[in-house]
Novice: 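This structure is in structure tokens; I'll ask about it shortly.
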Amino acid sequence: MLINCVLSTPVYIVRYYSPRSFFEIDAAGEVMHYSPYNGEVLPGYMFTDTGFWDTFRCLFPFLNLVYPSMNVKMQEGLANTYKESGFLPEWASPGHRGCMVGNNSASVVADAYLKGLRGYDIETLWEGVVHGTTNVHPRVSSTGRLGHEYYNELGYVPYNVQINESAARTLEYAFNDWSIYKLGQALNKPAEEIAIYAERAMNYRNLFCPDHKLMRGRNADGKFQSPFNPLKWGDAFTEGNSWHYTWSVFHDPQGLIDLMGGKREFNIMMDSVFNVPPLFDESYYGGVIHEIREMQIMNMGNYAHGNQPIQHMIYLYNYSGEPWKAQYWVREVMDKLYTPAPDGYCGDEDNGQTSAWYVFSAMGFYPVCPGTDEYILGSPLFKNMTLHLENGKKVTIKAQDNSDSRRYISGMQLNGENYTKNYVTHDVLMKGANIQFKMSATPNTQRGTQETDFPYSFSNELKK
């Protein structure tokens with residue numbers, strides 16, 4: 001992929017240290033790999049040094065847009081991992097490694113197929129994602145689903161059953177189940193086979209505490225864990241607190257809006273993330289971890305962009321009728337937290353995720369929900385940008401009157417037609433597109449405020 005830019009701000013060159021190739025070409029010109037899973041030398045691709053807890057969010061969607069041929073190889077590598085170990089990886093280094101939570105391989109597999117990638121063994125990958133919903137690796141508890149027995153029976157992983165970071169697991173499992181459901185639909189799997197995943201995709205609701213309008217750990221008897229401090233890092237959550245993880249309903253922002261009492265209340269809670277001071281409770285860790293310190297230094301309230309759980313949150317204003325706030329805060333993050341200096345990263349790069357966030361956001365959109373075909377609008381950084389896609393098509397992005405002080409979208413045209421929606425679709429981009437933004441120093445509080453302009457939410461699909 002080539003990106004051409006004309007800009008009034010410095011150029012940042014981002015480097016991807018991982019994922020990395022774990023295969024070679026033999027004397028006959030065939031692709032071969034050493035399996036870190038069974039110790040054999042076998043044909044086909046293999047990749048390693050990637051953690052899906054980070055990269056499912058936008059690194060792999062970035063590949064699906066601009067480097068699909070590489071991700072086809074990586075999907076083959078995932079299929080080989082399942083064949084050689086019985087599990088899809090969640091964190092490969094070089095084999096299964098006990099690190100982080102979630103079952104986010106499901107999202108990585110689903111998003112690739114749903115974005116049109118082909119040429120690999122999708123049936124083996126389907127078997128792998130389904131297997132992961134009812135199994136956990138016997139030696140690496142972060143591979144598969146730790147606590148699946150509770151989750152599948154109660155609808156959540158309980159706080160008080162000796163499974164750490166239970167709320168984070170529940171929220172990510174629910175999104176993973178939605179991913180499996182959508183993949184199953186695309187593969188024409190029987191409705192009775194995949195219905196359970198649609199049902200479990202709504203399990204996020206089981207952790208919503210109406211008293212606080214936040215996600216909260218829940219005990220096996222159904223009572224919320226107590227005492228509850230929404231500023232406490234870790235505990236029921238992973239490298240974050242309730243203010244960070246409450247927004248991890250990638251597939252159903254409208255459902256979360258409904259739980260909070262409507263768009264007005266939702267927007268107040270979103271605003272509060274930036275208004276709550278950068279206070280914290282580090283007692284779960286026994287000390288201040290670097291992710292906490294980075295939040296303090298960034299000084300954007302309790303918004304902690306230096307770690308992954310909240311990186312999509314700003315874009316959710318597009319679902320709740322106040323898209324101009326997404327435009328403001330996205331530009332604020334790009335301008336303040338990424339700089340061309342030795343300390344120019346606001347936190348963990350983490351396998352390319354934090355770079356991919358910047359590249360997407362600089363283009364003016366971001367994949368809030370991998371598995372949909374939508375990229376949610378933010379604020380384009382450059383006056384002119386051209387994406388040269390692998391299929392030979394071009395996406396031109398022009399932002400008239402763009403500058404540091406003119407970050408708001410006052411109007412937009414897509415392929416010469418006025419466009420009011422708060423997203424652009426993958427199919428439109430892949431066919432080649434001409435996007436023109438008109439930027440302003442003041443927000444347009446009328447554009448993108450109709451529900452017909454809002455992005456996808458699973459609740460809306462279920463109502464049809």
Novice: Could you pull out all residues at least two apart from Tyr317 that satisfy ring-ring contact (aromatic ring centres under 6.0 Å, His included)?
Specialist: none
Novice: Are Val333 and Tyr303 close enough that some pair of their side-chain heavy atoms sits under 4.5 Å apart?
Specialist: yes
Novice: Only one of Glu90, Glu239, Arg145, Glu165 clears side chain to side chain contact (heavy atoms under 4.5 Å, CB included) with Val101; which?
Specialist: Glu165
Novice: Apply side-chain hydrogen bond (donor to acceptor under 3.5 Å, both in side chains) to Thr81 and list each qualifying residue two or more places apart in sequence or on a separate chain.
Specialist: none
Novice: Report the residues that fulfil side chain to side chain contact (heavy atoms under 4.5 Å, CB included) with Glu40, sequence neighbours left out, ordered by chain and then residue number.
Specialist: Asn38, Leu42
Novice: Kindly write out the residues that satisfy side-chain hydrogen bond (donor to acceptor under 3.5 Å, both in side chains) with Thr372, not counting sequence neighbours, or none if the list is empty.
Specialist: none
Novice: Which residues pass the ring-ring contact (aromatic ring centres under 6.0 Å, His included) test with Tyr45, not counting sequence neighbours?
Specialist: Phe23
Novice: For Pro68, check side chain to side chain contact (heavy atoms under 4.5 Å, CB included) against everything at least two apart and list the hits.
Specialist: Leu117, Glu390
Novice: Go through the structure and list residues passing side-chain hydrogen bond (donor to acceptor under 3.5 Å, both in side chains) with Arg57, not counting sequence neighbours.
Specialist: none
Novice: Just say parallel, tilted or perpendicular for the rings of Phe62 and Tyr67, cut-offs at 30° and 60°.
Specialist: perpendicular
Novice: What residues form a ring-ring contact (aromatic ring centres under 6.0 Å, His included) with Tyr120, not counting sequence neighbours?
Specialist: none
Novice: Could you give all pairs that pass the salt bridge (charged side-chain N to carboxylate O under 4.0 Å, His left out) test and reach residues 181-193, with sequence neighbours left out?
Specialist: Glu123-Lys189, Lys182-Glu461
Novice: Which class fits the ring pair His251 and Phe175: parallel under 30°, tilted 30 to 60°, perpendicular over 60°?
Specialist: tilted
Novice: When you compare the side chain of His305 with that of Tyr338, does any pair of heavy atoms fall below 4.5 Å?
Specialist: yes
Novice: Under 3.5 Å, is there a donor-acceptor pair linking the side chains of Asp49 and Asn351?
Specialist: no
Novice: Filter on salt bridge (charged side-chain N to carboxylate O under 4.0 Å, His left out), then keep only pairs touching residues 63-81, sequence neighbours left out; what's left?
Specialist: none
Novice: Among residues at least two apart in sequence or on other chains, which ones pass side-chain hydrogen bond (donor to acceptor under 3.5 Å, both in side chains) with Glu282?
Specialist: none
Novice: Rounded to the nearest 0.5 Å, what separates atom CZ in Phe250 from atom OG in Ser107?
Specialist: 8.5 Å
Novice: Any side-chain donor-acceptor pair under 3.5 Å between Tyr37 and His96?
Specialist: no
Novice: How about Trp126 and Val109: do any of their side-chain heavy atoms sit closer than 4.5 Å?
Specialist: no
Novice: Looking at residues at least two apart in the chain, or sitting in another chain, which of them share a ring-ring contact (aromatic ring centres under 6.0 Å, His included) with Tyr245?
Specialist: Phe237
